[in-house]
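Notes follow the structure.
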Amino acid sequence: MRTVLVVLFDDVQSLDVTGPVEVFHGADLHRPGTYRIRTASPDGAPVRTSSGLTLVPDHALADAPAPHTLLVPGGQGTRRPAPDLVAWLREHGPRAERLVSVCTGAILLAEAGLLDGRRATTHWAYCDKLARDHPETEVDPDPIYVRDGNVATSAGVTSGIDLALALVEEDLGRDTALSIARHLVVFLRRPGNQAQFSAQLAAQTARREPLREVQQWITEHPGDDLTVDSLAARARLSPRHFARAFQAETGMTPGRYVDRVRLEHARRLLEDTADGVEEISRACGYGTPEAMRRAFLRTLGAAPAEYRRRFRPAPAPTR
């Protein structure tokens with residue numbers, strides 16, 4: 001029996017709480033006696049979430065059972081963390097066998113000194129703040145979750161479900177985690193180092209029309225010639241001017257943008273089609289399966305075949 005203790009506070013993000021709780025509860029239904037889920041607020045009083053819901057905790061923090069997994073959600077309440085909550089985390093956090101945060105819950109862990117010398121992530125909009133306020137923490141803004149020893153931090157909101165599924169898979173195996181994912185109608189499982197958002201969202205939209213047209217062209221034609229010279233000609237600019245303007249207006253180089261678009265397109269084809277890896281590599285502009293394999297390993301930590309095995313939905317049963 002693993003006790004999962006979820007910390008509650010006013011202005012907590014409700015999905016940061018309920019998403020992981022549903023995963024652990026589902027695991028306990030599948031394998032009874034595996035997890036015991038408890039919630040606790042600083043004084044044991046009900047808390048109001050940022051969306052207006054009221055959550056009634058099981059305990060005050062002082063009376064909460066010792067957790068195997070201590071889960072700290074995020075939300076607006078982390079912007080001005082209560083000193084008593086931070087003090088409790090500082091004292092009790094190191095005692096947990098597994099310390100987990102969702103979204104800006106990482107800020108509470110950092111305030112309590114629990115991320116010192118560790119690699120961590122949080123919601124992309126708060127990564128700069130976390131890095132600025134806590135330079136002793138190595139903040140990685142890209143992944144949806146990060147594991148560093150017994151400490152796991154996740155990005156915004158729904159990534160808490162991804163992380164909880166990964167923890168259940170670690171505890172109980174893939175079959176149990178897959179059953180829960182199917183019940184919740186979510187993928188099992190996005191790899192932790194998958195980007196927090198798509199290539200189009202990761203980059204700013206260019207202000208000038210020719211550059212916006214090039215961005216759209218890249219998205220719609222990932223298998224075409226997307227060298228700087230070719231893209232510059234499409235934008236009617238010199239290659240040097242184009243490369244500088246593209247980075248200035250989108251926040252990333254043309255090459256990095258192309259890499260992200262191609263990887264995203266390849267992921268979708270692996271998830272949604274039965275096309276072979278060689279065919280997909282050509283369609284996405286990689287040229288060879290080996291080139292695509294290197295790109296997947298470098299960015300996602302999984303080869304294309306393994307990625308497809310993890311994320312392609314199972315075929316519907318036939319009658």
Side-chain angles (χ1 to χ4, degrees), residues 121 123-128 140-144 155-159 162 186-187 190-191 193-304 307-308 310-313:
T121 194
H123 189 289
W124 61 267
Y126 292 90
C127 283
D128 286 346
D140 190 339
D142 288 331
I144 59 172
V157 195
T158 57
S159 62
D162 293 289
V186 296
F187 285 115
R190 291 189 293 171
N193 54 355
Q194 184 166 321
Q196 289 194 30
F197 36 57
S198 69
Q200 288 79 9
L201 290 177
Q204 304 166 37
T205 300
R207 295 187 302 273
R208 283 183 280 178
E209 186 64 31
L211 296 180
R212 285 201 302 272
E213 290 177 356
V214 167
Q215 282 183 287
Q216 187 64 28
W217 171 265
I218 293 170
T219 302
E220 295 174 352
H221 303 84
D224 283 22
D225 177 7
L226 300 181
T227 60
V228 169
D229 286 351
S230 175
L231 296 175
R234 180 163 294 277
R236 297 177 295 280
L237 297 169
S238 71
R240 186 185 184 95
H241 186 191
F242 168 78
R244 287 180 174 176
F246 190 95
Q247 182 165 5
E249 295 200 17
T250 68
M252 63 177 65
T253 65
R256 181 166 174 77
Y257 186 79
V258 167
D259 287 345
R260 289 196 174 195
V261 168
R262 282 178 166 161
L263 186 72
E264 187 173 315
H265 189 60
R267 282 181 15 229
R268 288 175 179 166
L269 291 178
L270 287 168
E271 293 169 8
D272 299 337
T273 76
D275 296 347
V277 170
E278 184 170 356
E279 184 179 355
I280 291 174
S281 67
R282 289 197 303 269
C284 296
Y286 288 110
T288 66
E290 178 58 26
M292 188 169 88
R293 180 177 177 277
R294 288 197 300 268
F296 268 65
L297 289 173
R298 182 173 61 251
T299 307
L300 301 177
Y307 183 91
R308 168 170 273 170
R310 291 183 186 178
F311 305 116
R312 189 178 177 195

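Taken from OG1 in Thr219 to CZ in Arg262, the straight-line distance is 12.0 Å, to the nearest 0.5 Å. Considering SG of Cys284 and CD of Glu264, their distance stands at 10.5 Å, rounded to 0.5 Å. Separation of atoms CH2 (Trp217) and CG (Asp224) is listed at 5.0 Å; rounding is to 0.5 Å. Distance CZ/Arg267 to OG1/Thr299: 10.0 Å, rounded to 0.5 Å.
Within 6.0 Å of the CD atom in Glu213, the count of heavy atoms belonging to other residues, nucleotides or ligands exceeds 12.
Taking all atoms of both residues into account, the shortest heavy-atom contact from Cys127 to Pro141 is SG-CA, 3.5 Å. In terms of heavy-atom proximity, Thr121 sits nearest to Ala155 at CG2-N, 4.0 Å. Closest non-hydrogen pair, Met292 versus Ser281, comes out as SD-CA, 3.8 Å. His265 approaches Ala283 most closely through the heavy-atom pair CD2-O, 4.5 Å. Considering every non-hydrogen atom in both Leu269 and Arg308, the closest pair reads O-NH2, 3.5 Å.
Residues satisfying the side-chain contact (heavy atoms from CB on, under 4.5 Å) test with Asp275, not counting sequence neighbours, are Thr273, Glu279, Ile280. Annotation: side chain to side chain donor-acceptor pair (under 3.5 Å) contacts of Arg294 (sequence neighbours excluded): none. Listed by chain and number, the residues in a side-chain contact (heavy atoms from CB on, under 4.5 Å) with Ala303 are Arg293, Leu297 (sequence neighbours excluded). Every residue meeting the side chain to side chain donor-acceptor pair (under 3.5 Å) condition with Gln216, not counting sequence neighbours, appears here in chain and number order: Glu220.
A side chain to side chain contact (heavy atoms under 4.5 Å, CB included) with Leu226 holds for exactly one of Val214, Ile218, Asp259; it is Ile218.
In terms of modelled atom types and a separation under 3.5 Å, the side chain of Glu249 and the main chain of Leu211 share no donor-acceptor contact.
Considering only heavy atoms from C-beta on, Glu209 comes within 4.5 Å of Arg212 through its side chain. Side-chain atoms of Val228 and Phe246, non-hydrogen and from C-beta on, never get closer than 4.5 Å to each other.
Tyr126 and His123 have perpendicular rings, their planes meeting at more than 60° on a 0 to 90° scale where under 30° would count as parallel.
The ring-ring contact (aromatic ring centres under 6.0 Å, His included) contacts involving residues 272-300 comprise Phe296-Tyr307, where partners must be two or more places apart or lie in separate chains. Identified under the side-chain hydrogen bond (donor to acceptor under 3.5 Å, both in side chains) test for residues 226-248, with sequence neighbours left out: Asp225-Thr227.
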